[in-house]
Protein chains: 2
Amino acid sequence: MSIKKEMPIAEKIKYIQDTLYVISGKWKLPILMSMYNGCKKFRDLERSVEGITTRMLSKELKELEANKLITRNVYDTYPITVEYTVTPYSYSLKPMVDEMIQWGIQHRKKVVGK
Amino acid sequence: MSIKKEMPIAEKIKYIQDTLYVISGKWKLPILMSMYNGCKKFRDLERSVEGITTRMLSKELKELEANKLITRNVYDTYPITVEYTVTPYSYSLKPMVDEMIQWGIQHRKKVVGK
DNA sequence: CTGTATCCATGATGATACTG
DNA sequence: CAGTATCATCATGGATACAG
């Protein structure tokens with residue numbers, strides 16, 4: 001028989017907020033999705049992520065990198081090119097993101113009633 | 001053989017943002033967790049959700065109710081008492097929230113290295 | 001091309017006082 | 001008890017110009 005201690009609520013909340021923080025911001029998930037779709041260069045992301053500014057793209061990319069979801073590689077061409085790539089680790093987000101998509105779909109039906 | 005059309009990225013992002021919006025804000029999940037833990041009355045929530053103000057509690061409860069995650073019941077005592085209860089529907093969030101907790105746990109290890 | 005630096009607008013939250 | 005009203009503060013993001 002296994003004795004399983006329930007995690008205290010406060011601790012659960014802490015982890016949830018950690019997680020939310022990592023994917024928070026208007027652009028992090030759109031950027032990631034674009035990258036899964038093949039975009040690698042700064043300029044390509046700037047164009048494919050509808051409406052984003054260079055300031056926000058730069059900022060969000062840094063945070064994604066800090067959280068090990070993407071890596072940044074600089075190539076010494078002229079002008080320099082920079083390639084961002086999603087890490088294998090970033091795929092660990094997939095189950096959660098898929099859940100969010102599914103929940104969003106059914107919730108829209110539930111609340112809007114359509 | 002099944003032909004399955006991939007959902008366009010833009011649409012996925014829309015649903016993800018819908019979902020994030022529902023649980024957004026500093027207090028919605030802490031409130032919900034407190035309610036799962038048994039809190040029902042405004043004053044109890046105000047005390048159990050560490051740091052929340054009446055203004056925010058009131059506001060977030062309204063939004064949770066609008067999204068059908070809780071219901072509000074007024075009892076005509078004196079002074080009146082109000083009981084909030086989580087809806088069965090709110091439990092549909094559980095898989096996602098559990099995923100967030102698990103992801104948060106392993107992410108802290110991954111990034112902090114501990 | 002790949003960003004950084006400023007400044008500004010808006011929204012989200014906090015503090016506090018007050019009401020039925 | 002269960003909130004509302006008002007004002008203050010802070011974080012987020014947008015616009016724009018500029019740099020290496």
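Order of the sequence lines sets the chain letters (A, B, ...), proteins ahead of strands, with each chain counted from 1. Here the structure is a predicted model, which means the values were calculated and not measured.
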Pairing residues for B:R72 by the side chain to side chain contact (heavy atoms under 4.5 Å, CB included) criterion, not counting sequence neighbours: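 Per chain and number, B:R72 pairs via side chain to side chain contact (heavy atoms under 4.5 Å, CB included) with B:E65, B:V74, B:V82, B:Y84.
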
Phosphate OP1/OP2 of C:dT4 contacted by A:S58 side-chain N/O (<4.0 Å):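 Yes, A:S58 has a side-chain N/O under 4.0 Å of OP1/OP2 on C:dT4.
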
Contact list for DNA chain D against residues 62-80 of chain A - heavy-atom distance below 4.0 Å: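 Those residues: none at all.
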
Least distance between heavy atoms, A:Y21 atom then A:K28 atom: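 Here A:Y21 and A:K28 meet closest at O-NZ, 4.3 Å.
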
CD1 on B:I105 to CE on B:M100, rounded to 0.5 Å: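 Between B:M100 CE and B:I105 CD1, I get 13.5 Å after rounding to 0.5 Å.
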
Nucleotides bounding contact with chain A, strand DNA chain D, heavy-atom threshold 4.0 Å: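 It runs D:dG13 to D:dA15.
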
Degree of bending in the helix from C:dC1-D:dG20 to C:dG20-D:dC1 once both end axes are built from five pairs, to 10°: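 Comparing the axis at each end, I get an angle of 40°.
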
Contact state string [nucleotides 5-16 of chain C, B base, S sugar-phosphate only, - no protein heavy atom under 4.0 Å]: BB------BBB-

ring-ring contact (aromatic ring centres under 6.0 Å, His included) against B:Y91, all qualifying residues, sequence neighbours excluded: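 Testing B:Y91 for ring-ring contact (aromatic ring centres under 6.0 Å, His included), a comparison that skips the adjacent residues, returns B:Y36.
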
Backbone N/O of B:Y15 and side chain of B:T19: donor-acceptor pair under 3.5 Å: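 Pair found, side chain donor or acceptor close to backbone of B:Y15.
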
Side chains of A:T71 and A:T85, donor plus acceptor under 3.5 Å: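 Checked: A:T71/A:T85 side chains pair up, N/O donor to acceptor below 3.5 Å.
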
Check against side chain to side chain contact (heavy atoms under 4.5 Å, CB included), A:L20 and B:L29: CA-CA 11 Å; A:L20 285 175; B:L29 287 174; 4.0 Å; yes

